[in-house]
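The chains referred to below are lettered A, B, ... by the order of the sequence lines, with proteins before strands, and numbering in each begins at 1.
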Amino acid sequence: MNLKNNSNGREGRPSRKLLSPDLYKLTALQAGPLLLGQHLVRRTEDGEIRCRIVETESYGGAEDKGSHAYGGRRTARTEVMFSAGGTAYVYLIYGMYHCVNVVTAAEHDPHAVLIRAVEPLTRTDAARMEAYRGITVKKPAGLSGGPGKLCRALRIDKSLNGCRLDDPLGPLWLEQGDSPETLDIAAAPRINIPYAEEYAPLPWRFYLRGNPYVSVIDKQAQPFFLG
DNA sequence: CCCGGGATGTTCT
DNA sequence: GAACATCCCGGGC
């Protein structure tokens, strides 16, 4: 794959400014589109990897039948969904992949935004992510387009469950990225949640239209305007 | 391009 | 014992 440029043509030094804590207080539905364009930073023993969030899905409120915390279900797995906004919720799926979420809203009110795709900020970030993936990727989306892929690419596993995302001394945190109002956002139904019944078709998946790292393009996706 | 099957283990019924 | 907010690979167009 071509690692020379990232898709938005920017190779500038990142701002390294933490994401505004106000975002963590919002509902998942509000925060989902606002997380697009923000930067996710992962520190391992090998150094830091920076990427932009390009696809999200909102889960929650106790009424969302697609959410692990539907009906207020509070178990060992879902416990961190009930913590205060700004916490990472990481779980194992299908026995071999992890998914990472940004917990939002107030303590005891379970909301989470699944990060479904990220884009490396620089070719150095891309190279490290490809090394962590352990396979040769042919297309950008093959690197980090999908929740399991991006966790592999960033070496995210359950050991990060419950960590704070507002702590740049920790293993994983969020920084301010592009202004969301300049982004072309698409809204579409969430992926692989047939059990969610009437919640399944709701357009709670958000992605940057045209971004090559997005996992699934929905031809019926609606334009989304921040309001 | 579009399938179908298998991997793999935690969670919940 | 079934389900699972997934992914990869191989085979058939």
Side-chain angles (χ1 to χ4, degrees), chain A residues 1 27-33 35-36 40 53-83 85 87-105 110-119 129-162 165 172 186-207 212-221:
Chain A
M1 64 182 289
T27 65
L29 191 53
Q30 294 169 323
L35 281 167
L36 295 175
L40 181 66
I53 297 170
V54 302
E55 181 182 348
T56 60
E57 275 179 3
S58 298
Y59 287 89
E63 65 282 355
D64 177 9
K65 291 182 180 175
S67 171
H68 293 162
Y70 169 56
R73 218 166 46 220
R74 195 162 181 161
T75 66
R77 179 176 68 155
T78 65
E79 183 60 30
V80 292
M81 284 189 75
F82 291 81
S83 59
T87 305
Y89 169 41
V90 184
Y91 65 93
L92 182 69
I93 187 72
Y94 299 113
M96 49 171 81
Y97 296 100
H98 294 272
C99 294
V100 62
N101 295 248
V102 177
V103 172
T104 70
H111 289 249
V113 179
L114 173 67
I115 309 301
R116 280 197 57 91
V118 298
E119 164 184 39
M129 289 164 68
E130 191 159 9
Y132 281 171
R133 288 283 274 117
I135 62 168
T136 305
V137 300
K138 299 168 187 68
K139 310 181 319 239
L143 178 66
S144 50
K149 293 180 195 174
L150 76 89
C151 282
R152 281 268 170 92
L154 297 175
R155 194 168 276 185
I156 291 170
D157 62 23
K158 267 171 46 179
S159 70
L160 301 191
N161 190 38
L165 294 169
L172 188 70
R190 296 172 291 181
I191 303 291
N192 280 344
I193 53 160
Y195 52 84
E197 301 176 15
E198 74 271 26
Y199 283 80
L202 298 181
W204 288 3
R205 182 167 71 101
F206 306 96
Y207 62 86
Y213 288 85
V214 169
S215 67
V216 179
I217 309 301
D218 189 326
K219 293 200 164 108
Q220 320 243 28

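Between the P atom of B:dT10 and the CG atom of A:N161 lies a distance of 14 Å, rounded to the nearest Å. Protein atom CZ of A:R133 is 8 Å distant from nucleotide atom C1' of C:dC7, rounded to whole Å. The interatomic distance linking A:H68 (NE2) with C:dA3 (P) rounds to 15 Å, in whole Å. The distance from atom CD1 of A:I135 to atom P of C:dC7 is 11 Å, rounded to the nearest whole Å. Residue A:R152 contributes atom CZ, which lies 8 Å from atom C1' of C:dC7 at whole-angstrom precision. Rounded to an integer number of Å, the gap from CD1 of A:I191 to P of C:dA5 is 13 Å. Distance, A:I115 CD1 to C:dT6 P: 14 Å, rounded to whole Å. Summarising the geometry, the separation between CG on A:L92 and P on B:dA7 is reported as 17 Å, rounded to the nearest angstrom.
Here the closest non-hydrogen pair linking A:K149 and A:A141 is NZ-O, 3.3 Å. When all heavy atoms of A:V90 and A:N161 are compared, the pair lying nearest together is N-OD1, 2.9 Å. Smallest separation of non-hydrogen atoms from A:V113 and A:S58: CG2-OG, 4.3 Å. Closest approach of A:Y213 to A:S144, counting heavy atoms only: CD2-OG, 3.5 Å.
At the heavy-atom level, A:L114 lies under 4.0 Å from base atoms of the strands shown. Within 4.0 Å (heavy atoms only), A:R116 reaches sugar-phosphate atoms of the nucleic acid but no base atom. Within the 4.0 angstrom heavy-atom criterion, base atoms lie near A:G95. Heavy atoms of A:K65 sit nowhere under 4.0 angstrom from any nucleic acid atom.
Closest approach to the A:N192 side chain among C:dA5, C:dC7, B:dG9 is made by C:dA5 (side chain taken as heavy atoms from C-beta onward). Of the listed nucleotides (B:dT8, B:dT11, C:dT6), C:dT6 has the atom at the smallest distance from the side chain of A:P147. The nucleotide whose nearest atom lies closest to any side-chain atom of A:R73 is, among B:dT13, B:dT10, C:dC8, B:dT13. Each of C:dA5, C:dT6, B:dA7 was ranked by its minimum atom distance to the side chain of A:I193; first place goes to C:dA5. The side chain of A:Y91 has C:dA5 as its nearest neighbour among C:dA5, B:dA7, B:dT10.
Under 4.0 angstrom from either OP1 or OP2 of B:dC12 there lies no side-chain N or O belonging to A:R74. At C:dC8, one or more side-chain N or O atoms of A:K149 fall inside 4.0 Å of OP1 or OP2 (strictly under the cut-off). Between A:N101 and C:dA5, a side-chain N or O to OP1/OP2 separation shorter than 4.0 Å is absent. Contact annotation: A:T75 side-chain N/O to B:dT11 OP1/OP2 distance is not under 4.0 Å.
Looking at A:Y195, its side chain has no donor and acceptor atom pair within 3.5 Å of the base of C:dA3.
Ion pair A:E57/A:R190 not flagged as a salt bridge, since none of the NZ, NE, NH1 or NH2 atoms sits closer than 4.0 Å to an Asp/Glu carboxylate oxygen.
Between A:Y59 and C:dA5, a base-stacking contact is recorded: ring centres under 5.5 Å apart, planes less than 30° from parallel.
Checked by atom type, the side-chain pair A:T78/A:R73 shows no donor-acceptor distance below 3.5 Å.
Base pairing annotation: C:dA2 forms a Watson-Crick or G-U wobble pair with B:dT11, both donor-acceptor distances under 3.5 Å.
For the P atoms, the distance linking C:dA5 with B:dC3 amounts to 22 Å, nearest Å.
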